[in-house]
Amino acid sequence: MKVRRRYRFYAAHRNPALADKCARLHGHRYGVEVTLVLPPTRAGVTMLFSDIDAALEPLFAALDHRTLLAADDPLVQALGESVVPLPFAASAENLAAWLLGQCAQRLPGCVESLALTETDSATVVACLDDLSEWPL
């Protein structure tokens, strides 16, 4: 059975390699939907939602109200402790793939995909097969 769990966090980011508004520091209210494939237990449930949350919520809490930047971005030093340095450019696609990998480590064998909503009209869906190519 598939179980989907939703989370939210607020974060700023930029991607200086782009020649548009995304090159400037700006923020989003990110929405995350993690899809898990779980077998039923004897009680007729798959996994308690609280157990899923115990595994995944700390990941999103660590990003909440932070600035997500590539580790080599000059702003990392300037912004100090509010920054989460990432080993990749801070794009929605890279972030979705990285978050999927992080979730899969926390719930091995259970996570199927992760949808990251950056704006009301833009969602990126990362699947396990994508992890061989992303994040860049």
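For clarity, every value in this text was computed on a predicted model and none was experimentally measured.
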Residues that, via side-chain heavy atoms closer than 4.5 angstrom, fall in one hydrophobic cluster with Tyr10: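 In the cluster with Tyr10 there is nothing else; it is isolated.
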Residues that, via side-chain heavy atoms closer than 4.5 angstrom, fall in one hydrophobic cluster with Leu79: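 Result for Leu79 is Leu25, Leu69, Leu75, Val76, Val83.
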pair Leu99-Leu63: side-chain heavy atoms closer than 4.5 Å: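 Leu99 vs Leu63: side chains touch.
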Give the minimum heavy-atom separation between [X] and [Y], together with the two atoms involved.
X      : Y      : value
His26  : Arg14  : CE1-CA, 4.5 Å
Val124 : Ala92  : CG2-CB, 3.9 Å
Phe9   : Asp64  : CA-OD1, 3.5 Å
Cys103 : Val111 : O-CG2, 3.6 Å

Under the salt bridge (Lys or Arg N to Asp or Glu O under 4.0 Å) test, residues paired with Lys21 that sit two or more places apart: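 Partners of Lys21 by the salt bridge (Lys or Arg N to Asp or Glu O under 4.0 Å) criterion come out as none, since no residue qualifies.
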Which residues share a salt bridge (Lys or Arg N to Asp or Glu O under 4.0 Å) with Asp51, sequence neighbours left out: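 With neighbours one apart ignored, the set is empty.
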With sequence neighbours excluded, residues passing side-chain contact (heavy atoms from CB on, under 4.5 Å) with Asp20: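 For Asp20, the residues satisfying side-chain contact (heavy atoms from CB on, under 4.5 Å) (neighbours in sequence not counted) are Leu18, Cys22.
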Parallel, tilted or perpendicular: rings of His13 and Tyr30 (30°, 60°):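 If you compare the ring of Tyr30 with that of His13, the planes turn out perpendicular.
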Under the side-chain hydrogen bond (donor to acceptor under 3.5 Å, both in side chains) test, residues paired with Thr35 that sit two or more places apart: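 Counting only residues at least two positions away or on another chain, Thr35 forms a side-chain hydrogen bond (donor to acceptor under 3.5 Å, both in side chains) with Arg4.
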Whether Arg106 side chain and Ile52 backbone form a donor-acceptor pair below 3.5 Å: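 Not at all, since once roles are kept as given, no pair shorter than 3.5 Å links the two residues.
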